[in-house]
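Single-structure report; data block below.
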Amino acid sequence: MPTNPERCPAVLVHGWRSHPGIWNRLTPGLSGAAVPCWNFDHTAMQNDGTEAIALALQDYIHAKRRETGYGGPVDLVCHSMGTCIARYLLEVLDGGAQEEQVRLLVGIGPPNNGSAMAELFNDPDLGPEVIRSLAGVFVPRDYDPNDDTIVQEFRPRSRTVAALQAAGTRDDIAYRIILAANLTETPAFFPAFGGRTWELAPDGEWRTTYAGDGIVPHTDSYLPGAVLDILPRDPGDLARNPEHYCHTGLPRNPEVVARIMEYLANPDAVPGRVSPAP
């Protein structure tokens with residue numbers, strides 16, 4: 001461990017069909033706290049699968065280590081599917097050797113148990129209307145899930161999700177999961193679905209819930225042993241700025257940014273609760 005653990009480099013990993021600019025509210029805080037920022041960009045890999053992007057993340061971290069001469073542990077801060085890319089690297093590809101030195105992994109709205117939305121996109125009855133509702137908001141207007149490698153790999157019963165579940169989390173890494181919930185049940189939280197989030201129930205039926213961020217329900221995110229934060233702490237914050245707590249707004253949300261900075265300063269902080277088993 002370095003003598004100043006708060007100065008471990010923070011490796012930022014954006015999500016599916018996203019970009020490194022989502023961290024523009026976090027990076028000034030990192031700079032102000034003298035935390036080195038390594039912002040991984042995988043926008044050019046939209047047609048690649050989980051393993052290829054995970055290997056690219058590994059190459060990026062190794063390159064930054066060579067560039068800076070830093071040889072200690074790093075922290076990973078990830079949004080959405082980016083969390084699963086990082087976990088695939090750490091748990092599946094490196095789970096046996098554990099050569100990648102990582103102190104902390106923070107996942108924001110991650111589909112750790114597979115993505116209900118990915119499955120819903122492929123539903124022959126509901127999928128087309130859901131895609132129409134999200135066209136231009138979360139997916140391109142001509143979106144076809146059959147052409148999307150990551151979406152297919154993160155359907156809940158996929159081999160990729162099974163590999164993550166079989167590998168399990170690592171004892172040498174602290175896991176922190178940050179989620180949002182529509183505590184005020186306001187439609188403005190995520191207007192495409194009236195403030196709700198689609199969820200795949202244990203019986204295989206589709207339902208909607210306020211326990212989600214519009215795209216990822218909490219049941220997708222639960223990770224055994226991980227500390228779980230559900231925001232906002234003050235429902236008044238949601239009433240004032242509901243759009244800040246939807247899935248795409250979370251990386252720039254001031255409360256989320258503050259929580260990330262708390263964890264980077266003290267990875268042993270436990271302001272939330274331990275995640276239940278999925």
Side-chain angles (χ1 to χ4, degrees), residues 9-20 22-23 38-66 73-122 139-140 143-173 175 177 215-216 220-226 247 251 278:
V11 182
L12 311 183
V13 186
H14 66 79
W16 169 81
R17 294 186 175 269
S18 186
H19 56 86
I22 63 165
W23 304 113
W38 300 354
N39 199 347
F40 175 57
D41 181 357
H42 58 94
T43 53
M45 303 185 71
Q46 288 190 7
N47 296 322
D48 292 306
T50 304
E51 183 166 328
I53 303 174
L55 288 169
L57 172 59
Q58 184 179 51
D59 289 344
Y60 174 80
I61 293 172
H62 291 183
K64 294 298 289 186
R65 289 187 181 280
R66 291 193 298 270
V74 299
D75 298 328
L76 283 104
V77 179
C78 314
H79 180 227
S80 190
M81 196 69 71
T83 307
C84 300
I85 297 297
R87 288 187 54 218
Y88 197 90
L89 166 60
L90 300 174
E91 298 162 17
V92 178
L93 300 179
D94 188 51
Q98 296 192 1
E99 294 176 349
E100 299 299 326
Q101 297 183 64
V102 174
R103 179 182 70 156
L104 169 71
L105 187 149
V106 180
I108 306 165
N112 286 316
N113 301 305
S115 168
M117 187 59 65
E119 190 65 30
L120 189 58
F121 283 165
N122 287 276
V139 296
Y143 181 70
D144 183 348
N146 294 307
D147 297 333
D148 194 315
T149 302
I150 287 292
V151 159
Q152 296 304 320
E153 288 187 347
F154 273 89
R155 297 174 70 174
R157 298 177 184 86
S158 73
R159 281 187 283 183
T160 300
V161 173
L164 280 169
Q165 291 176 334
T169 56
R170 284 174 43 169
D171 293 339
D172 60 327
I173 299 173
Y175 291 81
I177 305 299
I215 296 295
V216 179
D220 281 5
S221 298
Y222 294 146
L223 185 64
H247 186 75

>> For N122 and Q152, which I'm curious about, is there any donor-acceptor pair between the side chains at under 3.5 Å?
In response: yes
> Going by the ring pair (Phe, Tyr, Trp, His ring centres under 6.0 Å) test, which pairs reach into residues 46-65, not counting sequence neighbours?
Replying inline: F40-Y60
Please check this pair: side chain of [X] against backbone of [Y], looking for a donor-acceptor N/O pair closer than 3.5 Å.
X	Y	value
D94	E99	yes
E153	T50	yes
Y175	P224	no

Close side-chain approach of [X] and [Y], heavy atoms under 4.5 Å:
X	Y	answer
R87	L105	yes
V13	T83	no
I150	I53	yes

Could you report the tightest heavy-atom contact between [X] and [Y], atom names first, then the distance?
X	Y	answer
W23	V77	CZ2-O, 3.7 Å
S221	V216	OG-CG1, 3.4 Å
E100	I61	OE1-CG2, 4.4 Å
F121	P145	O-CG, 3.6 Å
A118	S115	N-OG, 2.9 Å

>> So, using side-chain contact (heavy atoms from CB on, under 4.5 Å) as the criterion, who are the partners of P140 when residues are at least two apart?
In response: R17, D142, Y143
> For D41, what residues pass the side-chain contact (heavy atoms from CB on, under 4.5 Å) criterion, not counting sequence neighbours?
Replying inline: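 Testing D41 for side-chain contact (heavy atoms from CB on, under 4.5 Å), a comparison that skips the adjacent residues, returns H14, P20, T43.
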>> Please report the interatomic distance CZ(R155) to CE(M117), rounded to the nearest 0.5 Å.
In response: 14.0 Å
